[in-house]
There are 4 protein chains.
Amino acid sequence: MRTKDEHKKEALFKATVKLVNEIGFASSSVSKIAKEAGVSPSTIYVFFKNKEDLLVSTYVEIKRNMADAFLDDFDERLPIRDIIKGVWFSMLKYISNNLEKYDYLEQFANSPFGALVDKDALEKYCNPILNVLERGIEQKIIKNVNRELLSAFMFQPIARLANPRLCHGQAWGEEDIETAFTMAWDAIKL
Amino acid sequence: MRTKDEHKKEALFKATVKLVNEIGFASSSVSKIAKEAGVSPSTIYVFFKNKEDLLVSTYVEIKRNMADAFLDDFDERLPIRDIIKGVWFSMLKYISNNLEKYDYLEQFANSPFGALVDKDALEKYCNPILNVLERGIEQKIIKNVNRELLSAFMFQPIARLANPRLCHGQAWGEEDIETAFTMAWDAIKL
Amino acid sequence: MRTKDEHKKEALFKATVKLVNEIGFASSSVSKIAKEAGVSPSTIYVFFKNKEDLLVSTYVEIKRNMADAFLDDFDERLPIRDIIKGVWFSMLKYISNNLEKYDYLEQFANSPFGALVDKDALEKYCNPILNVLERGIEQKIIKNVNRELLSAFMFQPIARLANPRLCHGQAWGEEDIETAFTMAWDAIKL
Amino acid sequence: MRTKDEHKKEALFKATVKLVNEIGFASSSVSKIAKEAGVSPSTIYVFFKNKEDLLVSTYVEIKRNMADAFLDDFDERLPIRDIIKGVWFSMLKYISNNLEKYDYLEQFANSPFGALVDKDALEKYCNPILNVLERGIEQKIIKNVNRELLSAFMFQPIARLANPRLCHGQAWGEEDIETAFTMAWDAIKL
DNA sequence: GATGAATGAGTGTTCATTCAT
DNA sequence: CATGAATGAACACTCATTCAT
């Protein structure tokens, strides 16, 4: 028997992300994705159970990839503000350098497929960051408020800043980013 | 016969929003929308040029409706912080009470259709708010930074807090909202 | 609006029967049937809910048609043997003249679709014949045995005689048919 | 290694019959049959030229098996009526005990595949029975009519009685079967 | 001998849209 | 104005079969 070609799976992930960016979730059909990936539509069903499986797998793949990047130079021994600043910059950098992937996440989450993923399983990737926030609260550095609020003010604005659709192609300089982090920190610091 | 027309158009807007919420953008076909609205599929083409026109019109309709609500009890003569707090609470209230419409906006914006709307035309609804921010900057109450940053930290977190998909059904009490606004204000205030 | 074209429904029935005869139940696809009927595949879904509905409707249509033919010159006042002989000849004649339809019935019945039809509803067409058999039993003309046995020996052989697949194209003369009925009658008569 | 082969071929016959019974001719795909038999789809092409060959071979296999059973306790020296009664009971018994196989035969015969089998080759299995009928005719015990008529009245009703689809699950007692044979004999006896 | 990878052709069905009324 | 009839194009998916191993 022939051996399974993992390049094809990779190509399918790539094609899916690219197409969803170009023509949107709704219009990204199986056959278009196949053509973009340079395989036959039926080949997709060798690697994935069905279209849903392809889309969800692509999502999970990106999420895992992203979580790795966020925690890349994560160093627990630094002062709390510095740790968070590190993560914050990692996020902005990753998103800026992977706009296609980020856009896929957004479109995926804002679709009925979003409900299909095991959120809790994915959230455990964020635990190291959440733990740092907890420590900050204990040390009276960070406001002791609902954790969702902390996340919302720390990380949500990044989504906007990184999204060229929302910020009409505004390019952010080093200075702006520094300023932005200061604002995020002002929001959550005690 | 004018009245009948407008009823049908209204019904089509409603049906579109409802369906997109229930089954998503991709699965919301013209005929399903027509059936939900209680009209024939071809009737849609009496009111709209095509499917795209229907979706975009629905979007614009909601945007206009929303902007009205945001500026409902807008009073320029109040202190700046109070004005902004008023708008901020209006937004959260509107979104909480109109989750279906809000969800439609999200799905629409995160799709290639988003690019079809005249953003500038819509943004002029926000001018009164932006003007208040300008005054705050002049009066050294608000940080003099890129305006996108101000918007991002003022309003982006609301999107997260109001979105039950992202905050798994967390219900926000009066206190939480008060806290959240404090954080937003901390972020932008000088 | 355009008015529904009943000719097309008729053409679809005809095409279905013809194709099932030529290439069999298993190979008769929706698109082939559409092409044979000279309509678009999607037009089928204007007249029928789905493929199953088309096949079942075709079956029921033939059954009704057939029952009418069987009872065509049914005359209750004749002697019992003559009534049955009349029906018997009608059946053989109808089947011989409508081999395509008969073949469709056989293929349909010998398929999982067969289970989908409301058998009892169809059997009521046969009630007049069954009633005659009952009278024959009361009058001690016909054997008083399980009714299924009577049907099996009266009518089942017809299926074989009329089926050219089973009788390799044997053509039946007047005499043969007369003989065959005698045999059927010998089987059930007391 | 011969043994392994034949196990797989046997398993494929079994799987084919089972699947055709459960989901019908049309839906019984090569890959489903392979899965049911516990082999790879491509393995089928080791044993059979193609799908058609598999289906036809299964048919012939059953036919051979069945003919053996029919002539199991065939004893030429008995009186003619007893010989025929013996065969008749063997048929009914075999069919009742092998409904799956019988159902396969029916579905197969009522399909264009039916035309592909060499009928004459199969019919030679029936020669011993036909010879008995000839002797019965010579001895003026059996009606001297077209041989097809004799077969039709002798054996066709069995198909009906044994087919639970046609006789809605009617269970036949010893007495009923005795009666049924009497009717068959009445039909053909002089 | 036996297999899983791979595919072009085909499946049943729904799509957005037009047309005649 | 409003509609149901009608369709070509597309949909997600499965098919029988071949091929490299």
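Below, chains carry the letters A, B, ... as their sequence lines are ordered, and counting in each starts from 1.
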Please tell me if the side chains of [X] and [Y] come closer than 4.5 Å, counting only heavy atoms from C-beta onward.
X      : Y      : result
A/L105 : A/M66  : yes
C/L116 : C/F113 : yes
D/K32  : D/I23  : yes
D/K14  : D/K18  : no
A/F48  : A/L12  : yes

Tell me whether the side-chain N/O atoms of C/S40 come closer than 4.0 Å to OP1 or OP2 in F/dG8. yes

No-H, no-angle donor-acceptor pair, C/S42 side chain to F/dG8 base, under 3.5 Å: yes

Closest to the 5' end of DNA chain F, once A/P41 and C/P41 are matched to their nearest nucleotides, is C/P41

Does any residue of [range] have a heavy atom under 4.0 Å from DNA chain F, and if so, which ones, in number order?
range                     : value
residues 5-13 of chain C  : C/D5, C/K8
residues 44-53 of chain C : C/V46, C/F47
residues 20-37 of chain A : A/S29, A/V30, A/S31, A/K32

Measure from CG on C/L55 to C1' on E/dT13 and round the result to the nearest Å. 15 Å

Once you measure the plane-to-plane angle for D/F25 and D/Y104, does it fall in the parallel (<30°), tilted (30-60°) or perpendicular (>60°) bin? tilted

Donor-acceptor pair, A/N98 side chain versus A/K101 backbone, under 3.5 Å? no

Testing the basics here: between D/L99 and D/N21, what is the closest heavy-atom pair and its distance to 0.1 Å? O-OD1, 4.4 Å

What are the two closest non-hydrogen atoms of B/E36 and B/A15, and how far apart are they? CG-CB, 3.4 Å

A/T43: what forms a side chain to side chain donor-acceptor pair (under 3.5 Å) with it, not counting sequence neighbours? none

According to side chain to side chain donor-acceptor pair (under 3.5 Å), who are the partners of D/S27, at least two apart in sequence or on a separate chain? none

If only side-chain N and O atoms count, and only distance matters, is there a donor-acceptor pair under 3.5 Å linking D/N65 with D/E61? no

Taking NZ in B/K51 as the centre, count heavy atoms belonging to other residues, nucleotides or ligands within less than 6.0 Å. Is the count above 12? yes

Here DNA chain E, pairs taken as Watson-Crick or G-U under 3.5 Å and shown with ( ), [ ] when crossing and | when to another strand, reads .||||||||||||||||||||

